[in-house]
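When reading the values below, keep in mind they use all heavy atoms of this one structure, side chains included, and skip hydrogens, waters and symmetry mates. Positions are given from 1, in the same order as the sequence printed here.
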Amino acid sequence: MIVLGIESSCDETGLAVYDSQQGLLAHVLHTQIALHGEYGGVVPELASRDHVRYLLPLADQVLKQAGITKAELDGIAYTAGPGLMGALMVGACTGRAMALALGIPAVAVHHMEGHLLAPMLEDTAPEFPFVALLVSGGHTLLAEVKGVGQYELLGESLDDAAGEAFDKTAKMLGLGYPGGPILAKLAEKAESGVYKFPRPMCDRPGLDFSFSGLKTFSLNTWQKEIESGNENEQTQANICKAFEEAVVDTLMIKCRRAIQQVGAKTLVIAGGVGANLSLRKSLQAMMEKEDGELFYPRIEFCTDNGAMIAYAGCLRLVAGETEPLAINVRARWPMSDLAAI
Ligand code: KG4
Ligand code: ZN
């Protein structure tokens, strides 16, 4: 089965063609970073309009790269949530209409399920069951994954998602958008051991997270340094490092707890923050000590992309799942609502 995947839930237009026999045939991505940059964050209406501009030309481009025609497609998968309503509507309407015109089935994909299954696109893919750490701009959660659609929530963020905390902290430090990768890059220039930030919620049992306090801690530290006349790039870098270390350490501690709690030997990280190299390094070292294995997607499939949607959609289409003609998108969509396949 050959599936066209469409991702348009936020600030990236991603399209891909996945073949259940041959794997990923092609993928293309248009990022809206330049568009939102001057506003310091995503402007939803601008995001929707940009998806309208790019989606169809990118669909032509990805099919060409895959070396197939529209007539050879067997199904279309689009992100139906969670995400920005307008942005989701563009991908869903286009995908659903295309499927109708071509007389093929369409399937609505959960964005976070896409992220969660993205490591399966790699040559060495994890096997079920495993524990997944999903860390993106909108979500931070730990789940026990027994199969596709079988997600048991172990813990989640009670306030900001990890990516959101990266983005807001970067913004407070005047570093621009998108904050996560910029903050991580600047942290590389830090002097070691200047600050030690707290590891929130690690001193009590449980697998939930809270990152909003760390963001405030960073702001207070920065303001104190400004008052002391230390408003310079080195101070910013040192704060970035202390913030990153605190987030990474907290995520590592909770992941270790989660795999010990469920007796898992496999940990999967996915979502935009999964692109963070310090996080990968820390989780790798932890899993080696635990005598287990860590899996993650290549960097470009950690952040939003069409390949993960084409793949998750293909699995669901093969299992016989299809969408009716109505176009449904959801800003919020608990993963527990997904059917097991
Ligand atoms: O998965 P994603 O592309 O979109 C959502 O589904 O939200 O994740 C985007 C998030 C942003 O918050 C971004 O700052 C963060 O992932 N991010 C990073 C890095 N690369 C992306 N955070 C920390 N370090 C990175 N290298
Ligand atoms: Zn995402």
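- More than 12 heavy atoms of other residues, nucleotides or ligands lie within 6.0 Å of CE in Met172, so this atom counts as buried by the packing criterion.
- For Thr169 (side chain) and Ala165 (main-chain N/O), a donor-acceptor pair under 3.5 Å exists by modelled atom type.
- Residues Val3 and Leu317 are in side-chain contact: their nearest non-hydrogen atoms beyond the backbone lie under 4.5 Å apart.
- Side-chain contact between Ser157 and Asp208 is absent, with no heavy-atom pair separated by less than 4.5 Å.
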With side chain to side chain donor-acceptor pair (under 3.5 Å) as the test, would you mind laying out the steps for Asn232 and Gln236 before giving the verdict? CA-CA 6 Å; Asn232 54 50; Gln236 281 177 317; over 6 Å; no
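- A distance-only check finds a donor-acceptor pair linking the side chain of Thr216 to the backbone of Ser212 [under 3.5 Å].
- Between the side chain of His110 and the backbone N or O of Trp333, at least one donor-acceptor pair lies under 3.5 Å.
- With no hydrogens or angles considered, no side-chain donor-acceptor pair links Glu293 and Thr266 at under 3.5 Å.
- Residues Leu25 and Ile6 fall within the same hydrophobic cluster, defined by Ile, Leu, Val, Met, Phe, Trp and Tyr side chains chained together at heavy-atom separations under 4.5 Å.
- Residues Leu133 and Val268 have side chains not in contact (no heavy-atom distance under 4.5 Å, counting atoms from C-beta outward).
- No donor-acceptor distance shorter than 3.5 angstrom exists from the side chain of Glu244 to the backbone of Lys241, with no hydrogens or angles considered.
- Note on Leu315: it does not cluster hydrophobically with Val17, by side-chain heavy-atom contacts below 4.5 Å among ILVMFWY residues.
- Within a 6.0 Å radius of NZ in Lys146, other residues, nucleotides and ligands contribute 12 heavy atoms or fewer.
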Pair Tyr78, Glu323 - check side chain to side chain contact (heavy atoms under 4.5 Å, CB included), show working. CA-CA 10 Å; Tyr78 52 82; Glu323 274 295 282; 3.6 Å; yes
Test side chain to side chain contact (heavy atoms under 4.5 Å, CB included) on Leu251 and Thr140; report intermediate values, then the result. CA-CA 9 Å; Leu251 291 171; Thr140 295; 4.2 Å; yes
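- Ring-plane geometry between His30 and Tyr54 is classed as parallel, the angle between the planes falling under 30 degrees on a 0 to 90 degree scale with a further cut at 60.
- Here the CD atom belonging to Glu122 is positioned 11.5 Å from the CE atom belonging to Met120, to the nearest 0.5 angstrom.
- Under the 3.5 Å distance criterion, with hydrogens and angles disregarded, a donor-acceptor pair is assigned to the side chains of Glu113 and Tyr151.
- By the 6.0 Å and 45° rule, Lys171 does not stack over the aromatic ring of Tyr177.
- Of the N and O atoms on the side chains of Ser48 and Glu45, not one donor lies less than 3.5 Å from an acceptor on the other residue.
- Of the candidates Thr13, Thr79, Asn305, Thr79 is the only one forming a side-chain hydrogen bond (donor to acceptor under 3.5 Å, both in side chains) with Glu7.
- Under the 3.5 Å distance criterion, the side-chain polar atoms of Asn238 are matched with a main-chain donor or acceptor of Glu191.
- For Asn230 and Glu225, the side-chain atoms include at least one donor-acceptor pair closer than 3.5 Å.
- Put simply, Ile182 and Phe166 are part of the same group of oily side chains (I, L, V, M, F, W, Y) that touch within less than 4.5 Å, one to the next.
- Residue Val109 is not grouped with residue Leu117 when hydrophobic side chains (ILVMFWY) are merged at heavy-atom distances under 4.5 angstrom, including chains of intermediate members.
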Step by step, work out the side chain to side chain contact (heavy atoms under 4.5 Å, CB included) result for Phe197 and Ser218. CA-CA 8 Å; Phe197 285 11; Ser218 307; 3.5 Å; yes
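- Side chains of His111 and Asp304: a donor-acceptor N/O pair is present below 3.5 angstrom, by distance only.
- The main-chain N or O of Ile341 is never found under 3.5 Å from a side-chain atom of Arg316 such that the two would form a donor-acceptor pair.
- Between Leu158 and Met201 the shortest side-chain heavy-atom distance falls below 4.5 Å.
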Intermediate values then yes/no, side chain to side chain contact (heavy atoms under 4.5 Å, CB included), Cys302 and Met308: CA-CA 9 Å; Cys302 275; Met308 66 185 195; over 6 Å; no
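- When hydrophobic clusters are built by joining Ile, Leu, Val, Met, Phe, Trp and Tyr residues whose side-chain heavy atoms come closer than 4.5 Å, directly or via intermediates, Ile309 is grouped together with Val318.
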